[in-house]
Amino acid sequence: MLAYQHAYHAGNFADVHKHLALHAVTRHLLRKESPITYVDTHAGRGLYPLAAMETDRLQEYRDGVEPVWAARHALVRDDAPLLADWLAALTEAQPRSGTLTHYPGSPWWLSRAIRQQDRLTLFELHPGEHRHLESQALPPQARRFHEDGPQGLVRRLPVPTPRLCVLIDPSYERKAEYAETAQTLQRIAAKARHAVVMIWYPLLPAGHHHGLLEALRTAGIDKLWRSELVHHAAGERHGMYGSGLVVRNPPWGLDTELSAAMQRLAPLWGRGARHSGKWWTTE
Ligand code: SAM
């Protein structure tokens with residue numbers, strides 16, 4: 001079953017949370033010269049025009065990136081270098097500067113981060129989504145595979161570069177994906193102990209993400225930082241009420257930097273929005 005298409009949700013609050021965190025992670029990793037392999041196990045299309053039929057249908061970006069874009073001048077003036085840098089990148093993604101018409105997906109953010117010595121591996125299983133991804137202009141170090149991402153990644157471990165950074169961003173169409181994602185992290189940790197791994201999960205009234213967290217706890221994986229954005233009260237609207245991330249081996253300082261940036265953004269999404277970040281132990 002592969003029915004999910006990210007274009008329906010592009011630029012929503014979860015995308016902002018996830019891609020701001022991804023950008024923060026890559027900024028930290030780029031401080032050292034040693035080569036990095038980036039792997040995006042669930043890549044999606046790469047770039048989303050907001051006027052596309054799918055994105056226009058739900059217009060989730062209106063409650064996600066749009067208020068952030070509208071407040072960008074004030075946010076940049078604030079002493080918030082991560083946000084200023086992220087907004088500069090978002091501006092770069094716009095064909096006409098000054099107008100928000102496109103929202104960049106994870107392959108775009110990672111492509112922007114890679115240097116000559118780095119590699120980027122993108123997996124996308126949905127045939128239509130993969131065709132969109134194939135049509136994106138990406139740097140020569142980027143390779144795209146029409147393949148199961150978690151399996152494809154584990155098969156390719158260990159990677160030839162000294163450092164590895166992985167984004168696992170499933171659509172969770174199947175409930176089993178929560179436990180499978182924990183298993184993927186366990187397999188990565190076994191073969192690449194120092195890998196920086198970011199797992200995204202939705203906060204849903206049904207609380208399915210507890211299955212993922214419980215599976216991580218059972219596996220005993222340590223060095224985890226958890227970042228959660230509650231956008232509105234659970235059950236206030238239909239569907240996802242928040243966005244969660246678990247980061248294994250977070251670069252030093254990521255916790256305070258991302259928390260500070262998210263505290264600046266949360267009020268833009270309404271009085272009920274709030275971010276929490278905490279070191280998370282599996283014991
Ligand atoms: N990471 C993207 C971003 O941030 O722009 C969004 C990804 S979207 C949440 C999940 C994507 O994973 C969908 O495009 C879906 O087709 C794809 N997908 C689902 N199962 C997959 C699998 N087993 N391997 C690779 N891709 C998969």
Side-chain angles (χ1 to χ4, degrees), residues 1-26 38-50 52 54-55 58 60-61 64-65 86 89-90 93 102-113 120-136 138 142-156 165-185 187-188 197-204 208-209 212 227 229 239-240 242-247:
M1 179 179 64
L2 275 174
Y4 180 92
Q5 290 181 37
H6 194 67
Y8 285 97
H9 311 286
N12 66 7
F13 63 84
D15 265 359
V16 174
H17 178 216
K18 172 179 44 183
H19 297 138
L20 183 63
L22 187 62
H23 188 64
V25 166
T26 59
Y38 293 100
V39 180
D40 189 350
T41 55
H42 300 75
R45 297 186 183 186
L47 186 67
Y48 300 91
L50 299 178
E54 301 94 326
T55 312
L58 302 177
E60 290 188 6
Y61 64 88
V65 68
W86 189 81
L90 184 63
H102 287 66
Y103 187 78
S106 48
W108 187 92
W109 291 99
L110 291 171
S111 294
R112 190 177 174 277
L120 171 59
T121 303
L122 305 165
F123 294 103
E124 173 53 54
L125 194 56
H126 188 294
E129 299 300 277
H130 187 259
R131 269 195 301 279
H132 278 287
L133 181 62
E134 285 281 29
S135 72
Q136 298 296 328
L138 297 180
R143 296 192 307 156
R144 295 161 250 210
F145 296 96
H146 181 205
E147 214 180 298
D148 180 283
Q151 287 177 20
L153 161 64
V154 170
R155 238 195 341 269
R156 285 167 176 81
C165 174
V166 180
L167 171 65
I168 306 179
D169 182 21
S171 42
Y172 298 102
E173 281 178 273
R174 293 176 298 107
K175 214 176 138 200
E177 276 182 284
Y178 291 94
E180 288 167 10
T181 297
Q183 220 170 53
T184 303
L185 178 52
R187 290 187 178 138
I188 299 169
V197 183
M198 237 179 86
I199 296 174
W200 179 85
Y201 55 86
L203 300 182
L204 297 165
H208 295 314
H209 67 284
L212 164 65
S227 160
L229 166 70
M240 182 170 74
S243 159
L245 290 167
V246 172
V247 189

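For this chain, numbers begin at 1 and follow the sequence in order. Both counts, for ligands and for their atoms, begin at 1 and track the order of listing.
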Output yes when the distance from some N or O of ligand 1 to some N or O of L167 is under 3.5 Å, and no in every other case. no

Value rounded to 0.5 Å, distance of NZ in K18 from CH2 in W200: 6.0 Å

Indicate, with yes or no, if the rings of Y4 and H9 have centres closer together than 6.0 Å. yes

With a heavy-atom distance limit of 4.0 Å, tell me whether K18 approaches ligand 1 through its side chain, its backbone, both, or neither. side chain

Quick one: ring-ring contact (aromatic ring centres under 6.0 Å, His included) partners of H132, sequence neighbours excluded? none

Nearest heavy atom to atom 26 (N) of ligand 1 wins, so pick from L133, D15, L122, L125. L125

Please list the nearest protein heavy atom to atom 25 (C) of ligand 1 with its residue and the distance rounded to 0.1 Å. T41 O, 3.2 Å

A43 and ligand 1 - part of the residue with a heavy-atom distance under 4.0 Å: backbone

Is there a side-chain contact between I188 and L153, using heavy atoms and a 4.5 Å cut-off? yes

Using a plain distance cutoff, I'd like to know if D148 has any nitrogen or oxygen under 3.5 Å from a nitrogen or oxygen of ligand 1. yes

Between H17 and S227, a side-chain donor and acceptor under 3.5 Å: yes

Taking the side chain as everything from C-beta on, heavy atoms only, tell me whether H19 gets closer than 4.5 Å to S106. yes

So, do V166 and T41 sit near enough that their side-chain heavy atoms are less than 4.5 Å apart? yes

I need the contact type for H6 against ligand 1. Using non-hydrogen atoms and a strict under-4.0 Å cut-off, is it side chain, backbone, both or neither? side chain

For atom 9 (C) of ligand 1, what is the closest protein heavy atom, and at what distance to 0.1 Å? D169 O, 3.5 Å

If the plane angle is over 60° it's perpendicular, under 30° parallel, otherwise tilted; pick one for Y48 and H6. perpendicular

Given E147, H42, R45, which one has a non-hydrogen atom that is nearest to atom 1 (N) of ligand 1? H42

What atoms of ligand 1 come closer than 4.0 angstrom to any heavy atom of G44? 14 (O)

Of all protein heavy atoms, the one nearest atom 3 (C) of ligand 1 is S106 OG, 3.0 Å

For atom 19 (C) of ligand 1, what's the nearest protein heavy atom and its distance? L2 CD2, 3.5 Å

Taken to the nearest 0.5 Å, the spacing of H130 NE2 from L2 CG works out to 12.5 Å

Would you say the side chain of L245 lies within less than 4.5 Å of the side chain of M198, judging by non-hydrogen atoms? yes

Out of H126, E124, E129, whose heavy atom sits nearest atom 14 (O) of ligand 1? E124

Which is it for H19 and ligand 1 at heavy atoms under 4.0 Å: side chain, backbone, both or neither? side chain

shortest atom 24 (N) of ligand 1-to-protein heavy-atom contact is with G149 N, 2.8 Å

Are side-chain heavy atoms of R45 and L133 found at a separation under 4.5 Å? no

Identify, by atom number and element, the atoms of ligand 1 in contact range of G105, meaning under 4.0 Å from any of its heavy atoms. 5 (O)

protein heavy-atom neighbour closest to atom 8 (S) of ligand 1 works out as Y4 CE2, 3.6 Å

